[in-house]
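Here the structure is laid out as structure tokens; the discussion comes afterwards.
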Protein chains: 2
Amino acid sequence: MTSTSGDAAGPALPAEPAIDEQVAIYQREFPEVDPQVETIVSALSRLNRRMHVAYSRQLAALGITNAEWEVLKALVLAGKPYRLGPGDLAKRLGLTPAAMTHRVDRMVGDGLVTRARDETNRVRVNIELTGEGRTKWLDAMRMAATFEADVLQDLGGDERGTLAGILTRMLVRVESDQPDAGGRLVDLDQDDQSEGTTSG
Amino acid sequence: MTSTSGDAAGPALPAEPAIDEQVAIYQREFPEVDPQVETIVSALSRLNRRMHVAYSRQLAALGITNAEWEVLKALVLAGKPYRLGPGDLAKRLGLTPAAMTHRVDRMVGDGLVTRARDETNRVRVNIELTGEGRTKWLDAMRMAATFEADVLQDLGGDERGTLAGILTRMLVRVESDQPDAGGRLVDLDQDDQSEGTTSG
DNA sequence: ACCCTAAAGTTCGATGCTAAACACTACATG
DNA sequence: CATGTAGTGTTTAGCATCGAACTTTAGGGT
């Protein structure tokens, strides 16, 4: 069978192959591939994707979009007074300044942030979290924490430590190849079954 | 300094906080957070993002976009004769059929795939890999394999096995919450430092 | 044979993003 | 002070995507 149904004779969903099947196909089509590496990369990407979908759904229930939440997070991470320029925001979120201009427009309209020219340097603009924005962030944070705890539920403390360590080392490796990479160029399309390599 | 530079007195890049700093801030702003969970989730997301950027760059050197590569992968994974309908492709890539129509248009123009109505069922359309498409896929695959090996370079065989196992279990957990989730709703924005929770 | 429903793909209108052009401010230099 | 240059944010044009409406075909029930 092509996909997950395999044998159950169900409605035969043409969904996506399981990770194992995917790796097997890659081995057949491209023998030089390392199955273990491919498994890791595929799982990483698919996991990321699924979590993203879950976040989107739950945030929608809160009345905010994923895009808005990104901005809220960036502002909170900036620390009090939860204030950042559009340019900084754009860099941190991996967007162009132009996109950030529009995104902030919407968020100002929704009352999540305010926009004001800087007093001391009139080239600059300050985007600042409102009380409502901070509340929304908190709500989303609580929700996310619950979900994340659920995802990691089957892992023991040792495993969590190991996982955190391994991921951190991988991150160091990637970042060393990628000078500073504030993050332009982020296609960030989708990959469903193909994450084998793409979204990593 | 706000971010990574910290003390080096460099050009003071306003990049993004290191994972550790990020988690520390979250602890301060939202004490209920579990630092270990947050570290894992943040690292996962950031790793994914960085890898995605790297793929995009390298694919550009090959003359194809990330979007195109997704389609090539899906077709190869479908097995010979490397043929799938627009609808199936859309499901697997997490796009709407409308988007797939346009994406296929471009790829037909580039000679990577062909589009033809199905002989036996004239509602259906077959998108099929061309020789050039398959060649491009192979080139990209080789490139990706090299990069992925580099990312995992610091990990021993044991660690790789452990990692693969843990990720697979996490994936199972997420997918159980998320019925089948072919994948609509995928906002898939960006998150830079904020991946703390969002892109997962 | 004739509907009726479901399924597949495309077309249409709106949205959000990128890249490039533009406007404005600060600062250094003469 | 006048001017050049760099930095910051917005505007514009084009593109990819989504959601919804539409067209065409297949298959079932009468």
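Chain identifiers are assigned alphabetically (A, B, ...) following the order of the sequence lines, protein sequences preceding nucleic acid strands; residue numbering begins at 1 within each chain.
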Interatomic distance, Leu84(B) CG vs dA8(C) P [rounded to whole Å]: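 Distance check: Leu84(B) CG to dA8(C) P gives 12 Å.
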
Which residues pass the side chain to side chain donor-acceptor pair (under 3.5 Å) test with [X], not counting sequence neighbours?
{"X": "Arg106(A)", "value": "none"}
{"X": "Gln27(B)", "value": "none"}
{"X": "Thr120(A)", "value": "Asp118(A)"}
{"X": "Gln36(A)", "value": "none"}

Please write out each protein N/O paired with an N/O of nucleotides 4-8 of chain D under 3.5 Å, distance rounded to 0.1 Å.
| from | atom 1 | to | atom 2 | distance (Å) |
| --- | --- | --- | --- | --- |
| dT8(D) | OP1 | Arg124(A) | NH2 | 3.3 |

Of the options dT18(C), dT17(D), dA26(D), whose atoms approach the side-chain atoms of Arg103(B) most closely?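 Closest nucleotide among those given: dT17(D).
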
Filter on side-chain hydrogen bond (donor to acceptor under 3.5 Å, both in side chains), then keep only pairs touching residues 154-168 of chain A, sequence neighbours left out; what's left?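 Residue pairs passing side-chain hydrogen bond (donor to acceptor under 3.5 Å, both in side chains), neighbours aside: Glu159(A)-Arg169(B).
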
Partners of Ala98(B) by side-chain contact (heavy atoms from CB on, under 4.5 Å), sequence neighbours excluded?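 Residues passing side-chain contact (heavy atoms from CB on, under 4.5 Å) with Ala98(B): Thr96(B).
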
Among residues at least two apart in sequence or on other chains, which ones pass side-chain contact (heavy atoms from CB on, under 4.5 Å) with Val123(A)?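 Counting only residues at least two positions away or on another chain, Val123(A) forms a side-chain contact (heavy atoms from CB on, under 4.5 Å) with Asn121(A).
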
What nitrogen or oxygen pairs link the protein and nucleotides 12-15 of chain C at under 3.5 Å?
none

Given that Met100(A) and Thr101(B) both sit by DNA chain C, which one's nearest nucleotide is further toward the 5' end?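 Between the two, 5'-proximity favours Thr101(B).
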
